[in-house]
Amino acid sequence: MSFFSFGQSAEIDIFLKDAETRKKAEHKTEDGKRDKYFLLYDGETVSGKVNVTLKNPGKRLEHQGIKMEFIGQIELYYDRGNHHEFVSLVKDLARPGELTQSQTFDFEFTHVEKPYESYTGQNVKLRYFLRATVSRRLNDISKEIDIVVHTLSTYPELNSSIKMEVGIEDCLHIEFEYNKSKYHLKDVIVGKIYFLLVRLKIRHMEIDIIKRETTGTGPNVYHENDTIAKYEIMDGAPVRGESIPIRLFLAGYEMTPTMRDINKKYSVRYYLNLVLIDEEERRYFKQQEITLWRKGDIVKKSMSHQAAIASQRFEGSSSAEKALAQAQAKEQEQ
């Protein structure tokens, strides 16, 4: 055995219980790349196995305990190293002792609350991950795997249309209308623009989707605007009385649901920005906020779990089990 007991070490591997069948989702990493991660939802149980493989079979590995953690945290890039944890669950897998051979441990976090959606932005990152640790006196051995959480919503009951006007006195008067103000991420924005007065020589008109990320509080507030999409409405001069239809498909763009005051750390909002450019390159803007949400299009089993968790939170665990059984029975009937 070498000095400070560094002679024996181990490798850790983490496996989710349903890894073969679980859906994966693409998610942008901090360096701008897109990788696939296992996808989970609020209320789902997180379970699986941890393999601790000794690098030197036959030699014992002394440890101060083995544990598994499920963590949700927010990191603001201007405050690197200071992680804000909003979920922190720990399961002890083994008491202090020693391993004489490679070993597998089961873990389960039941009905885990995951209140926010995973997000990687320009100034902030919200991530969920599992971390297994073999604690040692001087050099812990640990392994992390990230997962992605999507937050689902139901269809908004009130979803009024948007009607706005753009005007320059005695020069321009335009009315535009969008069919609603709240859209799911695969929705279609349908609208129409009416030209009531046109005395400017308009050369170009487009609608942009603007994403605005706001991070921090007080003096440390940062705003980042990013143009997600540009949709050309017309190229050329309109005439009075003309109307132009709009159909903008959202599915082809990389967007998240609207996020408002997430853990009092950041917000992500989206705006429709109408842009007019005249022949003298003057630009005119009219902006309107819209709400984006993620449609609940996952398999029914996951929705059944969500129903069970909602019941558990308000009525107790026995009611949750009953709700889950009823949902699964209904699923089988269909």
Side-chain angles (χ1 to χ4, degrees), residues 25-37 39 73-80 83-84 116-128 146 148-153 162 164 166 176 178 180-191 193 204-233 235 246-277 281-295:
E26 278 197 352
H27 189 72
K28 186 174 70 172
T29 58
E30 196 174 327
D31 59 6
K33 297 180 181 178
R34 298 191 65 83
D35 291 328
K36 285 193 172 183
Y37 302 91
L39 178 61
Q73 70 181 22
I74 298 172
E75 180 182 6
L76 297 167
Y77 295 163
Y78 67 80
D79 190 18
R80 291 277 190 182
H83 299 144
H84 306 274
Y116 311 121
E117 175 147 335
S118 300
Y119 176 72
T120 302
Q122 293 176 283
N123 287 318
V124 63
K125 175 173 64 178
L126 187 150
R127 67 184 283 242
Y128 294 87
D146 282 77
V148 166
V149 170
H150 282 177
T151 301
L152 304 176
S153 302
I162 300 173
M164 298 179 66
V166 177
F176 60 98
Y178 305 116
K180 49 192 177 184
S181 57
K182 301 174 183 178
Y183 300 88
H184 63 77
L185 297 182
K186 296 182 180 179
D187 215 334
V188 183
I189 297 177
V190 178
I193 295 181
H204 180 78
M205 182 183 295
E206 68 183 28
I207 287 182
D208 301 337
I209 299 178
I210 306 294
K211 170 185 164 184
R212 180 173 298 160
E213 176 187 287
T214 303
T215 54
T217 56
N220 295 320
V221 175
Y222 298 88
H223 301 284
E224 292 285 350
N225 289 342
D226 186 18
T227 301
I228 301 296
K230 288 181 178 288
Y231 176 81
E232 184 178 83
I233 299 173
D235 187 8
I246 300 169
R247 285 183 72 85
L248 177 55
F249 293 84
L250 300 180
Y253 301 106
E254 184 181 319
M255 294 188 289
T256 68
T258 295
M259 303 176 184
R260 292 187 173 91
D261 200 21
I262 300 300
N263 203 236
K264 300 188 183 300
K265 296 292 186 296
Y266 70 94
S267 298
V268 179
R269 299 171 183 264
Y270 290 89
Y271 298 84
L272 290 177
N273 191 35
L274 181 66
V275 182
L276 288 79
I277 304 173
E281 295 297 324
R282 290 177 296 197
R283 302 171 70 90
Y284 308 91
F285 303 92
K286 190 69 172 182
Q287 197 169 90
Q288 171 66 38
E289 183 176 3
I290 59 174
T291 299
L292 298 182
W293 54 282
R294 189 179 297 280
K295 193 174 183 181

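Numbering starts at 1 and runs along the sequence shown.
Nearest heavy-atom pair across Ala25 and Leu39 is CB-CD1, 4.1 Å. Across all their heavy atoms, Gly121 and Tyr77 have their closest contact at O-CE1, 3.5 Å. For the pair Glu289 and Ile162, the tightest heavy-atom approach, listed with the atom from each and the gap, is O-CD1, 4.3 Å. The two residues Tyr253 and Ala229 come nearest to each other via the heavy atoms CE2-CB, 3.3 Å. Between Leu292 and Met255, the closest heavy-atom pair is CD1-SD, 3.7 Å. Closest approach of Glu206 to Glu232, counting heavy atoms only: CB-CA, 4.1 Å.
Under the rule for a side-chain hydrogen bond (donor to acceptor under 3.5 Å, both in side chains), Lys265 has no partner lying at least two apart in sequence or in another chain. Tyr178 pairs by the side-chain hydrogen bond (donor to acceptor under 3.5 Å, both in side chains) definition with nothing, not counting sequence neighbours. Residues satisfying the side-chain hydrogen bond (donor to acceptor under 3.5 Å, both in side chains) test with Gln288, not counting sequence neighbours, are none.
Considering Glu254, His150, Arg294 as possible partners of Leu185, the one that fulfils the side-chain contact (heavy atoms from CB on, under 4.5 Å) test is Arg294.
Interatomic distance, Lys211 NZ to Tyr270 OH, rounded to the nearest 0.5 Å: 5.0 Å. Annotation: the span from Ile233 atom CD1 to Leu276 atom CG amounts to 7.5 Å, rounded to 0.5 Å. Remark: Tyr37 OH to Tyr128 OH distance equals 15.5 Å, nearest 0.5 Å. Here the CG-OH distance, from Leu250 to Tyr183, works out to 8.0 Å after rounding to the nearest 0.5 Å. Rounding to the nearest 0.5 angstrom, the gap separating the NZ atom in Lys230 from the CG atom in Asp208 is 4.0 Å. Taking OG1 from Thr215 and CD from Gln122, the interatomic distance works out to 9.5 Å, rounded to the nearest 0.5 Å.
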Does the ring-ring contact (aromatic ring centres under 6.0 Å, His included) test come out yes or no for Tyr119 and Tyr266, once each step is laid out? CA-CA 11 Å; Tyr119 176 72; Tyr266 70 94; 5.5 Å; yes
Could you give me the CA-CA distance, side-chain angles and deciding distance for Leu126 and Ile262, then say whether side-chain contact (heavy atoms from CB on, under 4.5 Å) is met? CA-CA 10 Å; Leu126 187 150; Ile262 300 300; 3.9 Å; yes
Between Lys180 and Asp187, is a salt bridge (Lys or Arg N to Asp or Glu O under 4.0 Å) present by the stated rule, with each step listed? CA-CA 11 Å; Lys180 49 192 177 184; Asp187 215 334; 3.0 Å; yes
Run the numbers on Asn263 and Tyr116 for side-chain contact (heavy atoms from CB on, under 4.5 Å), then give the verdict. CA-CA 9 Å; Asn263 203 236; Tyr116 311 121; 3.5 Å; yes
What do the steps show when you test Leu274 against Ile193 for side-chain contact (heavy atoms from CB on, under 4.5 Å), and what is the final call? CA-CA 10 Å; Leu274 181 66; Ile193 295 181; 3.9 Å; yes
Could you check Ile210 against Ile228 for side-chain contact (heavy atoms from CB on, under 4.5 Å), going step by step and ending with a plain yes or no? CA-CA 6 Å; Ile210 306 294; Ile228 301 296; over 6 Å; no
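By the 4.5 Å heavy-atom criterion applied to side chains, Lys295 and Ser153 are not counted as neighbours. Residues Ile189 and Leu272 meet the side-chain proximity criterion, which asks for heavy atoms closer than 4.5 Å. Within the 4.5 Å cutoff, no side-chain heavy atoms of Ile207 are placed close to those of Asn273. Looking only at side-chain heavy atoms (C-beta outward), Ile246 and Tyr231 come within less than 4.5 Å of each other. Counting heavy atoms from C-beta outward, Lys36 and Val148 have side chains that stay 4.5 Å or more apart. Taking the side chain as every heavy atom from C-beta outward, Val275 and Arg283 approach each other to under 4.5 Å. Side-chain contact check for Arg127 versus Glu75: every heavy-atom pair is 4.5 Å or farther apart. Between Ser267 and Met259 there is no side-chain heavy-atom pair separated by less than 4.5 Å.
Without hydrogens or angle criteria, Glu117 side chain to Thr151 main chain gives a donor-acceptor distance under 3.5 Å. A donor-acceptor pair is defined here as one N or O able to donate and one able to accept, closer than 3.5 Å; no such pair exists between the side chain of Thr214 and the backbone of His223. Side-chain atoms of Tyr222 do not come within 3.5 Å of backbone N or O of Tyr78 as any donor-acceptor pair. A distance-only check finds a donor-acceptor pair linking the side chain of Glu213 to the backbone of Asn123 [under 3.5 Å].
For the residue pair Thr120/Arg34, the side-chain donor-acceptor check at 3.5 Å is not satisfied.
The side-chain tip of Arg212 points at the ring of Tyr271 from less than 6.0 angstrom away and within 45° of straight on.
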